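Report on the structure given below.
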Amino acid sequence: MRIILVLIIISLLLAIGFLTAFFWAVNDGQYDDDFTPSIRILFDDEKHPQNKL
Amino acid sequence: MLLKEQKVNVQCTHCGDAIDTSYNKKLNFCCQGCEQIYHLLQSHHLATYYNIDKYPGISAKGKILKSYEFLDDEITAEKLISFRSKEITKIRFNLPSIHCSSCLWLLENLPRLHSGIRHCKVNILSKNVAIDYSHSEISLKELVELLAKIGYEPELNFAFLNEIKVQKFDRSLIIKIGVAGFCFGNIMLLSFPEYLGLHGAFKSYFLGYINILLSLPVLLYAGRNYLVDAYKNLVNSHLGIHFPLALGMLALFLRSVYEITFGVGEGYLDSFSGFVFFLLLGQWYQNRTQKHLNFDRDYRSYFPISVDVLDHDVFKSKTIDQVRKGDIIRVRNMEIIPCDGKLLSTNCQIDYSFVTGESEVHHKEKGAKIYAGGRQKGAAIKIKVTRSVEQGYLTTLWNEQVFKIDKSSSATLLLDKISKYFSLVILTIAVLTFIYWINKDTSIAYTSLTSVLIVACPCALAISVPFILGNAMRILAKRKFYVRSIHTIEKFADIDTVIFDKTGTITENNGLKVSYYGQPLNSHDMDMIVSLTSHSNHPFSKAISQHYQGEHYQISDFQEIPGRGIIGRYGNYNVRLGSGRFIFNSPSRDSSKSFVEINGQIYGYFKFNKRLRSGIKELIGTLKHYKLALLSGDGSSEFERMQGLFPKDAELRFNQSPKDKLAYIKNLQSQGHSVMMIGDGLNDAGALKQSDIGVVVVEDNNNFTPACDVMISADHLFQLKRVNRYFTKLRHSLYGAFVIAFLYNVIGLSFAVSGQLSPIVAAILMPLSSITIILYSILTSKISAFVLNHDAYQPKE
């Protein structure tokens, strides 16, 4: 039954991985603006986007 | 005689304004500016702009492109940009005209408009945009000019030179919530065997020790602020809400550690971390709403960033902090005068309405003293600077003591008031219990000490306040009533005096009410007058042209004498219109009148009054049980009208300087009154800051607003009374939350006393109490909001 201890440690490591991902997301600025992205996602991609000049 | 302007239903494709028939083409634009922007965007395949929101454009009518020469100056540019590498410069602008999703789309597609622009990211709520551009392809000046050209003029003012460039969003709270949530969840998971009564499993797998490890970051990082604040409270011997919170936290943690290490029990680390998690959540909720509004602006945000300074016979654009005494500056049409000085040009017209609240345009002759803050109207003028910006007549107001105190920190919360006594009571009980047991049984002494501290911890209380008031702030913001912080809401209940400013607050800023007194004018006379006034840009002339409409005659020999009046000729008629001084050649009479003279015969006069804001009369009527007063920068010409508006005992003061206003409020406060000041302009800035609650009336969000506690949209001012009733209701719901919190504490205490505070009970009780409180808070603040929709029953007078 000691295997449970190993499983617990693995699960914790996994969870810490997600926590790190969360830290990265916050530091990347993803939580700075929680309103604009909700609008940005509604824009359609244009069919023939103009090439950059 | 009163012919209203015919409504035209055609709207400008760009900005949606009604189209003047004189400028009408196939694609329907109101002016050339709008049409140019349209074609510019069209040619870069950016016409999608017009398909996202209806009429997204910012009207280009009457807009003059400013000179941004000063941006070529390296030192100035350095202060604005946030980062520069070899190829890329990063900069962040405030664009007050951002308002819709089309704006977002266009600004983020700027790279299509100019290849030098690499990346744009817009934040709609804060109305700013972060731009990365290649400075070898486009200069800062060109970038700003491009933005201004398409209607998004960046906000570049004096404040930028003094402040930290970008207000960084504080991310630590979110990280703390993440950490606390992570630990909370994992500790609960590991405590599961315990909840199921598998005590053996808990001990044999060291789950307790893992829990201690997991709770350390909660105590030392996530909950750190509470401990630090509690320590500060102790040092300052002012016990705030954080003190009993920290005590509870520490007691929970230490007791759990003790129980786990000595194998006595399993501890309450799940409750501990959950409790920190909910506390942080409340803090986040409370801060969320108003972070995009700036409540702290001073004159610097109103003053321009640069001015043209004469340097070796050439005017060069310089930032205004470089302007020295003796410099000669040039101020163009519609620019703000940045420093006090002496007029070198022959004459000028200056609009001080924002500084003094006085509505009329001032006419100045050569050699006259010019004060900073006025808006220059007409051809460019030259001024010799006599005082630098910081020493100006207006700006010295900000040297007053009141501007050096941070108001938000000195606020005493209702919660703090309660917790002061609360903490003392808890401490006494805890210490008494401890002393009682210490000689009989040491272990019971420690257990009971921690039990009291844990159970009496005002956790639910601390959560209820941010959730009730934070939600209220959000509800009010939807009604264009923006509150700076929850402290402000709490202060509302103490207000007993309401002071109004006149111009811009009681009356509207724009639009004059015109009435004619004297010998009746026939329609022919009227047409002549209107034809004459249509040539002039003076506010009075404009008001007449707008108010009366008729046939337009060809006027010959038109002449405008600035600050006096206008003359013109139609056929055999000689028409003169102007001030008393102009018509009668006698010293100035009433400045709010304009006399009519046709062929030497004086017919009568037009009187101009600022229009009262709609609903202001009703509002003042509902504020009867407050002490009311009026402080106006204007002369007393409107004394009678104001007297009719206010109750008889209200004090009406005119000719008040900004410092007089401040002093008046200070005096009231020293008499023990709690004052709310309602104002709008720079001239009220001192009074707004001094008052307990400074309310600023905002006509549109782009305008400058002085530092204040509440911003209210002008057309929602009438709600003030309702808002106040809402706050009273909120106070009641707060008491309700306290009762619930108290009940939970009693239940918890009874469990603890009977020795039944088992981990599972604690694990259920703690989150349950937090969630009940949160639900209760949000629901009550929503339900009480119904008072915002209706006026209370008004007893008949």
Side-chain angles (χ1 to χ4, degrees), chain A, chain B residues 43-48 51-53 98 100-105 108-109 111-118 121-130 137 168-179 181-183 185-186 189-190 193 201 204-207 210 213-214 217 284 288 291-292:
Chain A
M1 281 298 275
R2 291 269 145 186
I3 191 71
I4 283 197
L5 206 57
V6 179
L7 287 176
I8 286 173
I9 290 168
I10 292 176
S11 81
L12 271 181
L13 285 178
L14 203 68
I16 287 172
F18 284 116
L19 189 66
T20 327
F22 173 72
F23 289 164
W24 170 81
V26 174
N27 284 326
D28 193 45
Q30 294 184 18
Y31 286 78
D32 293 7
D33 180 3
D34 50 12
F35 180 71
T36 318
S38 68
I39 292 176
R40 198 179 285 135
I41 199 165
L42 296 176
F43 296 144
D44 292 327
D45 289 332
E46 277 158 71
K47 276 174 190 162
H48 306 290
Q50 173 78 1
N51 292 337
K52 280 186 184 178
L53 293 169
Chain B
S43 64
H44 286 86
H45 301 267
L46 288 165
T48 313
N51 302 332
I52 298 168
D53 263 320
I98 291 181
C100 65
S101 37
S102 272
C103 302
L104 169 70
W105 185 87
E108 298 207 331
N109 280 297
R112 285 202 224 167
L113 208 56
H114 195 293
S115 57
I117 302 170
R118 292 292 147 84
K121 198 171 178 191
V122 174
N123 184 331
I124 291 196
L125 287 183
S126 342
K127 299 192 176 191
N128 66 37
V129 58
E137 288 173 67
K168 271 237 164 142
F169 175 75
D170 186 20
R171 292 165 179 166
S172 64
L173 184 60
I174 290 181
I175 291 196
K176 278 178 182 169
I177 292 174
V179 169
F182 165 81
C183 297
N186 279 292
L189 205 65
L190 294 177
S204 53
Y205 295 119
F206 313 105
L207 297 185
I210 300 177
L213 273 182
L214 278 170
W284 169 78
R288 222 168 87 89
K291 62 183 178 203
H292 59 276

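Model, not experiment: these values are computed from the prediction. First the proteins, then the strands, lettered A, B, ... as listed; each starts at 1.
- Atoms CZ and CD1, on R40(A) and I124(B) in that order, are 8.0 Å from each other to the nearest 0.5 Å.
- Neither the backbone nor the side chain of L189(B) has a heavy atom closer than 4.5 Å to any heavy atom of chain A.
- Both the backbone and the side chain of I16(A) come within contact range of chain B, each with at least one heavy atom under 4.5 Å from a heavy atom of that chain.
- Heavy-atom distances place the side chain of L19(A), and not its backbone, under 4.5 Å from chain B.
- Remark: K121(B) does not engage E108(B) in a salt bridge, criterion side-chain N to carboxylate O under 4.0 Å.
- When only modelled atom types and interatomic distance are considered, D33(A) and T36(A) share a side-chain donor-acceptor pair under 3.5 Å.
- Taking the ring centroids of Y31(A) and F22(A), they lie under the 6.0 Å cut-off.
- In this structure, R118(B) contributes its side chain and P111(B) its backbone to no donor-acceptor pair below 3.5 Å.
- Heavy-atom distances place the side chain of N186(B), and not its backbone, under 4.5 Å from chain A.
- In this structure, chain A has heavy atoms under 4.5 Å from both the backbone and the side chain of I175(B).
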